[in-house]
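First comes the structure, then the notes that go with it.
Since this is a predicted model, take the numbers as computed values, not measurements. The first residue of the sequence shown is numbered 1, and numbering continues consecutively from there.
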Amino acid sequence: METVDSDCAAAIRVGEHVCCRLAHAEDRERLALAFVLSGLRRGEKVLYLAAREDTGAFATQLAGDDRLASAMNAGQLEMRDARDAYTQTGPFDARETLEAMNAEHRAALAGGYAGLSLTAEMSWALDLPRSEELDAYEDGYSARVGRGTFAVFCQYDHARFGAGTLHHVAAAHDADISPELAAIGRDGYFAAARVGTGAAALLRLAGDLDFDCCASLVGVLDAHFHGKLRLDLTDLSFVDVAGMRALRGRTGQPLEIVAASTAVHRLLALLAWGTDPMIEVPSVSAA
């Protein structure tokens with residue numbers, strides 16, 4: 001397995017339930033590690049439910065980073081076999097599993113952690129006799145999970161699950177990282193996720209948007225985002241002029257920036273995007 005830089009970005013926020021539909025192992029490794037590190041930095045307990053065949057490889061990867069090895073030794077980071085975790089008391093039961101995950105969350109808070117970050121590789125669910133239990137499990141987070149201090153990142157192999165199942169699980173999450181979005185960031189500390197559906201849907205970008213990331217971003221925007229493009233740029237810690245220009249996508253494409261970081265605000269002012277009738281910018285400017 002290739003070494004994954006442990007400072008890569010994640011377009012996931014505290015308290016969210018996020019679906020990642022992955023087509024390539026390198027994207028799963030990069031995004032899962034970014035999620036793990038984000039939870040550790042926030043002072044949360046991090047629980048990684050890995051596929052059995054990947055547990056050893058991921059343990060080796062995690063142990064290769066001093067911060068991750070230290071967290072594992074201290075008990076802040078824990079890895080378990082996903083199949084065993086979801087079926088430890090017999091056949092998978094959505095209600096019982098949700099209760100078990102809530103118990104993990106309560107235990108993390110009781111142990112002095114800021115919350116719980118849980119990521120799970122979901123290929124174990126391919127053996128379920130009925131998809132209804134999986135649907136109930138994903139839907140159940142909306143009502144059962146303590147959202148403010150509980151972040152959940154579900155990893156789905158896009159090639160192994162049916163289109164109907166993937167459509168449902170994506171809709172059941174706060175944010176969705178589709179295969180094309182999962183590929184964004186291979187060339188830098190950058191990540192993307194789609195939030196919401198229909199006319200209210202927006203694209204969230206996180207990390208560093210610079211010249212190195214532009215080609216992959218432009219390719220995704222041109223291929224998959226037509227019509228008005230709505231962007232949440234709050235989580236961009238750095239952006240350069242090339243990165244801002246990459247956001248324009250197709251010539252003449254309307255652009256709405258719903259929210260922006262200080263770094264983005266500064267370039268909005270520098271480039272005078274507020275004077276462009278095709279661009280809607282946030283009303284509050286950077287100091």
In a check of side-chain contact (heavy atoms from CB on, under 4.5 Å) between V264 and each of T262, L268, L267, which one passes?
->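 Between V264 and the candidates, side-chain contact (heavy atoms from CB on, under 4.5 Å) is satisfied uniquely by L268.
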
With sequence neighbours left out, write down each residue that passes ring-ring contact (aromatic ring centres under 6.0 Å, His included) with Y86, or none if nothing qualifies.
->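 Y86 satisfies ring-ring contact (aromatic ring centres under 6.0 Å, His included) with W124, Y137 only.
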
For Y113, ring-ring contact (aromatic ring centres under 6.0 Å, His included) partners two or more places apart =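 For Y113, no residue satisfies ring-ring contact (aromatic ring centres under 6.0 Å, His included) once neighbours in sequence are set aside.
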
Which atom of A193 lies closest to which atom of A175, heavy atoms considered |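 Distance-wise, the nearest heavy atoms are CB-CB, 4.4 Å.
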
Show the numbers, then the answer: is there a side-chain contact (heavy atoms from CB on, under 4.5 Å) between F190 and L236?
-> CA-CA 8 Å; F190 185 53; L236 281 182; 3.8 Å; yes

Side chain to side chain donor-acceptor pair (under 3.5 Å) contacts touching residues 198-209 (sequence neighbours left out) |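 Found E16-R204, D208-S237.
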
For the backbone of [Y] and the side chain of [X], can you confirm whether one donor and one acceptor N or O come within less than 3.5 Å of each other?
X    : Y    : result
S117 : V46  : no
D174 : V18  : no
S216 : C213 : yes
H173 : V169 : yes
E121 : S123 : yes

Treat each ILVMFWY residue as a node, draw an edge where side-chain heavy atoms are under 4.5 Å apart, and state whether V152 and L109 are in one component.
->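 The answer is no; the residues belong to distinct hydrophobic clusters.
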
Can you tell me if NE2 on H168 sees more than 12 non-hydrogen neighbours from other groups inside 6.0 Å?
->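 Yes.
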
With sequence neighbours excluded, what pairs up with [X] under the salt bridge (Lys or Arg N to Asp or Glu O under 4.0 Å) test?
X    : value
D135 : none
D84  : R52
D27  : R30, R186

Taking the side chain as C-beta and beyond, is there a heavy-atom pair between M122 and L134 under 4.5 Å?
->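 In contact.
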
Are any non-hydrogen side-chain atoms of I177 and F153 less than 4.5 angstrom apart?
->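 Touching, per the 4.5 Å side-chain cut-off.
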
Run the side chain to side chain donor-acceptor pair (under 3.5 Å) test against [X] and tell me which residues pass, sequence neighbours left out.
X    : value
S178 : E180
N73  : none
D276 : R248
T119 : Q155

Tell me, which pairs form a salt bridge (Lys or Arg N to Asp or Glu O under 4.0 Å) where one or both residues lie in residues 228-243, sequence neighbours left out?
->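 Counting only pairs at least two positions apart or across chains, the salt bridge (Lys or Arg N to Asp or Glu O under 4.0 Å) contacts touching residues 228-243 are R13-D232, R13-D235, K228-E256, K228-E280, R230-E256.
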
Other ILVMFWY residues reachable from V258 by side-chain steps of under 4.5 Å =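 Listed partners: V195, L202.
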
